[in-house]
Structures are given as C-alpha cells and as structure tokens.
Amino acid sequence: MHRRTWLASAVLVLALAAVAAVASASDRWMHVRIVESGEDGESVSINLPLPLAESVLQSIDCHSIKSGKVQVKLSNGEIDLPALHAALRQAQDGEYITVEGEDENVRIAKRDGRLHIRAVDDDETVNIQIDLAVLDALLSPGTDEIDVRAALHALAETKQDTELIRVEGEDETVRIWIDGRADQE
Amino acid sequence: MKSSRSFLLLFAGVLLALVAGGVALAVAVHRAGVIVVEVTPAEGCHGDRVSLRVPGALVAGAAFFLPERELREASAELRRWGPLALQALHELGRAPNCELVRVDGPAERVRIAKQDRCLVVDVRDGSEVVHLVVPLATAKAVLQRLARA
C-alpha cells in the first residue's frame, strides 16, 4: 500500500512536470525582423514571448495608452470602423476592394477567417494578414479604443504560425510574425 | 554532569543554527547570481580592461542601506516605469533562454538575451566590447526596494 502511494505520487509529479513543460513550450512568440539593404545596412531581430508583451502592455499607463488599450476616435464621421468591422465579420469570403492605379495597387480580401491586405507601389510591397478573431479583440464594440492587449491575447491563443506583416522595399525588408519558436531560425 | 550535558546541547544547537544559516546564505547567494561587467578593447584596439564581478545578493542587500533621500529621488523617477519593469522581469523569468534583441550593423553589434535567469547584454563597437550580466532576481530586488522608498 505504502509502495503504491509512492508510485502514485511519483506519477503525479511526473505528470505535473510534463504539463508545466508543455505549457512553457506552447508559449507563442512575436518576432520582428528588419533588414536594411546596402553595405551600411543594419539588421534588427526582436523575439518576444507574447505573454511578456501582453503583461508589459497591461502595465503601461501613459497618455492615450492605458491597460493595453489605445484611445482613438474610431468613428470619425468619414469612416465608421466598428460598423465596417461588423459588416466584414458577416460577409462571405471574397475580394472586397481592388484598386489598380498608375502608381499603386491595393487589394483587400477575406479568406479562411483572415483579412488579407496587399498594397504595391513603385517602392515597396506591403502584405498584411490578420485573423478576424484578432480583429474582433482589437476593436471593442461601442468604445473609442483599440484593445491591443486583447489582440495580443487572441494572437497567443492562435495555434497557427502567422506572418502578420511583410514589407519589402528597395531599402529594407520588415517582417512581423508569430510562431511557437524562441528564435528566428 | 547535568550542566555539561546542557552545554553540549546548547553548543550543538548553535552549531546547527550556524550551519543552517550558512547553507541558507549560500543558497541565497547562488540564487541571486553574480553581476558581471566586463569592458575590453576591441580587437586591434588599445584601452583599459575592466572586469567586475559582484554577487547579486550583495547588491540587493546594499540597496537596503542606501540613504532614504537618494532612494526617494530615484524612486520618484521609477514610480512611473517601475511596475512595468517589474512585470517585465517577472515574465522574463518565466520565459525560456532566448535572444530578445539583436542589432547587427557595420560598426556596432548589440545583443540582449535571457540566459540562465540572467539578462545578458553584449555591445561591440569599433573600439570596445562590453559584456554585462544582470541576474533577474537582483534587478527585481533593487526595483522593489526603490518602489518601497
């Protein structure tokens, strides 16, 4: 009986250790990579565990940023962003906006639960993709604020690796992405 | 006979307390880690070489003996960003070893990493190389002391 209790305790301890290890390993990371071209170009790499970014943001209290929320005027009379967001949420997948200009092409589409924005001009190409769940968290209904902390939390909950932003210009390349790795290899 | 037995018991008790205190101190010093500051001239450069290694526990302890007036001045500055830094240190403590920031330029290289419960900063420019290791526990203890002032 005594031996059995010891065995059960050992199994319990091992199980708890395994859960803790998995919980730690499953942390999501936000990566930023900026590479300037040319001989004098610098490269910058930033790797942040999302829980760190989230809790640091929660602690910031200055000017228009409070508890991870940024005060902005979302409905400025010209564009009602919350209404636009609600309409987008209900709409079916498809390409919504295509602008083909002389200097610039812009495409906005909804596909597989994500909003895809692509803008190309003479100097650079910008690709943005954002989960609608993250967009939901970002835009709190009925308030003039952007909840960046909630968006980070939603990003942390997303188990898929996501490239949020990619800007490819003549002088530099910028990438921001989320994955489960601590490094940028 | 009885008094010599009492004396022996007392002696054993004191000895045990000293050993336990020593072990506790050693554990605390080990856990607090060592603050390292190293400045060396870059390859092919001349200059002073500085190497400083201070137990983190000593620095954290010294923070308790800082003059209140100095502390108040420092903490007024810290009041705004202290909670933020403390929260960051707490979360950093939970994170695995990782490279947080790396900047590679033609003239300068900066690397900030978390390594074995320490924040490690390496800066290399044309003339010198700076290597800084700050145990997270020490940074946290000093910030908490400043916040209490």
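A note on names: the letters A, B, ... follow the listed sequences, proteins ahead of strands, and every chain is numbered from 1.
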*Asks:* Give, for atom CD of B:Q87 and atom CD of A:E54, the distance between the pair rounded to the nearest 0.5 Å.
*Replies:*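 Interatomic distance, B:Q87 CD to A:E54 CD, rounded to 0.5 Å: 10.5 Å.
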
*Asks:* As an exercise: rank A:A53, A:A182, A:P51 by heavy-atom pairs under 4.5 Å with chain B and give me the winner.
*Replies:*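 So the answer, after comparing A:A53, A:A182, A:P51, is A:P51.
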
*Asks:* Using heavy-atom distances under 4.5 Å, tell me whether A:E39 contacts chain B through its side chain, its backbone, both, or neither.
*Replies:*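 Interface part for A:E39: backbone (N, CA, C, O).
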
*Asks:* Run the side chain to side chain contact (heavy atoms under 4.5 Å, CB included) test against A:H31 and tell me which residues pass, sequence neighbours left out.
*Replies:* A:W29, A:N47, A:W177, A:D179, A:Q184

*Asks:* Rounded to the nearest 0.5 Å, what separates atom CG in B:L92 from atom OG in A:S55?
*Replies:* 10.0 Å

*Asks:* Which answer fits A:P49, side chain, backbone, both or neither, if we ask what part of it has an atom under 4.5 Å from a heavy atom of chain B?
*Replies:* side chain

*Asks:* How many angstroms lie between atom NE2 of B:H90 and atom CG of A:L52, to the nearest 0.5 angstrom?
*Replies:*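 With rounding to 0.5 Å, NE2 (B:H90) is 10.5 Å from CG (A:L52).
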
*Asks:* In the structure I gave you, are the side-chain heavy atoms of A:I46 and B:L100 within less than 4.5 Å of one another anywhere?
*Replies:* no

*Asks:* What's the spacing between B:R109 CZ and A:S43 OG if we round to 0.5 Å?
*Replies:*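 Answer for the CZ-OG pair, B:R109 versus A:S43, is 9.5 Å.
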
*Asks:* Do A:V44 and B:R102 touch side chain to side chain, with heavy atoms closer than 4.5 Å?
*Replies:* no

*Asks:* Does atom CG (A:D122) have a neighbourhood of more than 12 heavy atoms from anything else shown, all under 6.0 Å?
*Replies:*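 Atom CG in A:D122 is packed in, count exceeds 12.
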
*Asks:* With a 4.5 angstrom heavy-atom cut-off, could you sort out which part of A:D183 is near chain B: side chain, backbone, both or neither?
*Replies:* neither

*Asks:* Which residues in residues 127-134 of chain B have any heavy atom lying under 4.5 Å from a heavy atom of chain A?
*Replies:* none

*Asks:* Are more than 12 heavy atoms, taken from residues, nucleotides or ligands other than B:R111, located less than 6.0 Å from that residue's CZ atom?
*Replies:*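 Enclosed: over 12 neighbouring heavy atoms sit under 6.0 Å from CZ of B:R111.
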
